Amino acid sequence: MNYKDLADLMFPDAKEIKYYEEKYPERNLKEGAIVTRIAPSPTGFTHIGGLYQGLIAKKVADQTEGVFFVRIEDTDQKREVKNAISEIVNSLTEFGFEPDEGMTSETEEKGNYGPYKQSIRKEIYQAYAKYLIEQGKAYPCFCSTEEIEEIRAKQEAAKIRPGYYGIWAKCRNLTVEEMIEKIKAGEKWIVRFKSPGREDRKIKHKDVIKGNVEFPENDQDIVIIKADGLPTYHFAHAVDDHLMRTTHVIRGDEWLSSVPLHLQLFQELGFKAPKYAHIAPIMKNDEGGKRKLSKRKDPEAAVSYYAEEGIPKEAVTEYLLNIANSTFENWRRANPDKPIKEFDLQLNKMSVSGALFDMVKLLDVSKIVISKMSAEEVYENSLAWAKKHDEELANLLETQKEYSLKVFGIERGNKKPRKDISKWSDVKENIAYMYEELFAKDTSEYLYQVINSKEEINKILDTYITKYYNENDDKQTWFDKIKELAGEMGYAKEVKEFKENPGKYTAHVGDASTVLRVALTKRTNTPDMYEIMKVLGKGIIQKRFQKAKI
Ligand code: GLU
């Protein structure tokens, strides 16, 4: 009896690997095209790190006219969550990282290299496991959980490396006859890889991101097929990335130390190994130290957080590119209006340790992104956000569309557009004073700063509206009139004049203009008051002044 008999007994129905090798031929792509993927587990939580990987994979595939696909790694069936696949794919698509191939929902997929969900690739893994067994490169292991525990306890007591290797790999040295006998007797088995490695030898490997790394060879006879007939991550990775013709495995750096095992698997299976690019996780400053963004502690770790806060997808993408390549920031400065498609992302320029996630920076990026949007875009985005999160705002925007477009048009579309909105959830607070309904609810005080006499304030407001205000004035005339008003009130008409004559004036034109601004908005800081007045119109201006005077 030989290995072939053993393999036939274990997997009588498995096809020859030739079948799959022919079914999934080399891809016909141009030289240098990168075929890559993300391979998430359907856990029902899309981590920002997953989106980050999606962005990187999509970008390098697109840049090289390659392929980006999504493969669902659901071999750990205990962890399965409903609709998790759609959630992952929808997140990617919403952010513009739509995969070229792979699962598109829980049950559907596109592409010629599928199935793209591991649980339905069982027979493929078994064919390759059988192939290894036939050559004596894998074997059935009959050890029970208790026996494995026992081995571990002995290793611990003797303070030696844990695992199933060398003399500890009990089933490795069974004869084929013994194995066949046990199987026939109905003993339960799993399949282990027969590692050809030695721990006292080193392997050198060049990672696309981490550079040269050196590890001891793998000598563990790891499980490749579990008791439920499904593969472990390691085996599935080798089989899938080979058959799907992945050229670059871009994945989290927690897998870096598994590279010796993976290279061995590729070698023993007779596959050409892919290139590996191990990405450092996104980090966060925490009490003086650095730690990974955590699903449990950090709301911003969830991709869903950004939509809830109303941070535009474009801003998140820009920011993630900032984290990915520090050169992005300069590129963006030099090319403020180019689409990100034109930025050339370099895997080998990615941070080797973890890049820091900085919410303040993200919101700064977001302000710039929003500042470049048209009034119409700001309106549509604010409305879409409000419909889900703020009914009052949604109503206002919907019932007063034309007016709202004017509000959002203030200081927008010019050379130096306003940069005071960083997320849609800020919008209401930001524009509240432009709507009578919301302004009426503002119970805060009028804080006029320098000019505080009731009499003077009332006089400024009255004089301005009766004598100076004209809604057809251009900006220069409008401003000249405020100067005139300041003069009439006995204030300095120019700030310079005020400064050059200490003691001569109680206030200057800026202070008078603050009175107008505060009476109109209850704020000392707003976008351009000329434009605000234009949008509010005479009726509301009068009303506001009236209210401020009481
Ligand atoms: N399912 C693995 C993970 O989520 C995939 C790693 C890989 O990309 O190969 O970590």
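Each ligand, and each atom within it, is numbered from 1 in the order the structure gives. Values in this document were obtained by computation on a predicted structure and should not be read as measured data. The analysis underlying the following values was restricted to heavy atoms, covering all of them including side chains, and did not include hydrogens, waters or symmetry mates.
- With respect to Arg37, the side chain to side chain donor-acceptor pair (under 3.5 Å) criterion is satisfied by exactly one of Asp241, Thr246, Asp240, Asp100: Asp241.
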Val208/Ile250 under side chain to side chain contact (heavy atoms under 4.5 Å, CB included): CA gap, chis, key distance, verdict: CA-CA 9 Å; Val208 180; Ile250 304 172; over 6 Å; no
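- The residues Glu214 and Arg201 are annotated as not salt-bridged, no charged nitrogen and carboxylate oxygen being separated by less than 4.0 angstrom.
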Measure and list all N/O to N/O distances between ligand 1 and the protein that fall under 3.5 angstrom.
{"from": "ligand 1", "atom 1": "1 (N)", "to": "Ala39", "atom 2": "O", "distance (Å)": "2.8"}
{"from": "ligand 1", "atom 1": "1 (N)", "to": "Glu73", "atom 2": "OE1", "distance (Å)": "2.7"}
{"from": "ligand 1", "atom 1": "8 (O)", "to": "Arg37", "atom 2": "NH1", "distance (Å)": "2.8"}
{"from": "ligand 1", "atom 1": "8 (O)", "to": "Arg37", "atom 2": "NH2", "distance (Å)": "3.4"}
{"from": "ligand 1", "atom 1": "9 (O)", "to": "Arg37", "atom 2": "NH2", "distance (Å)": "2.7"}
{"from": "ligand 1", "atom 1": "9 (O)", "to": "Tyr233", "atom 2": "OH", "distance (Å)": "2.5"}
{"from": "ligand 1", "atom 1": "10 (O)", "to": "Trp255", "atom 2": "NE1", "distance (Å)": "3.1"}

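- Between Trp255 and Tyr233, the ring center distance clears the sub-6.0 Å criterion.
- The cationic atom of Arg245 (NZ for Lys, CZ for Arg) does not lie both less than 6.0 Å from the six-membered ring centre of Tyr113 and within 45° of the ring axis.
- Both the sub-6.0 Å distance and the 45° axial angle are satisfied by Lys182 relative to the ring of Phe142.
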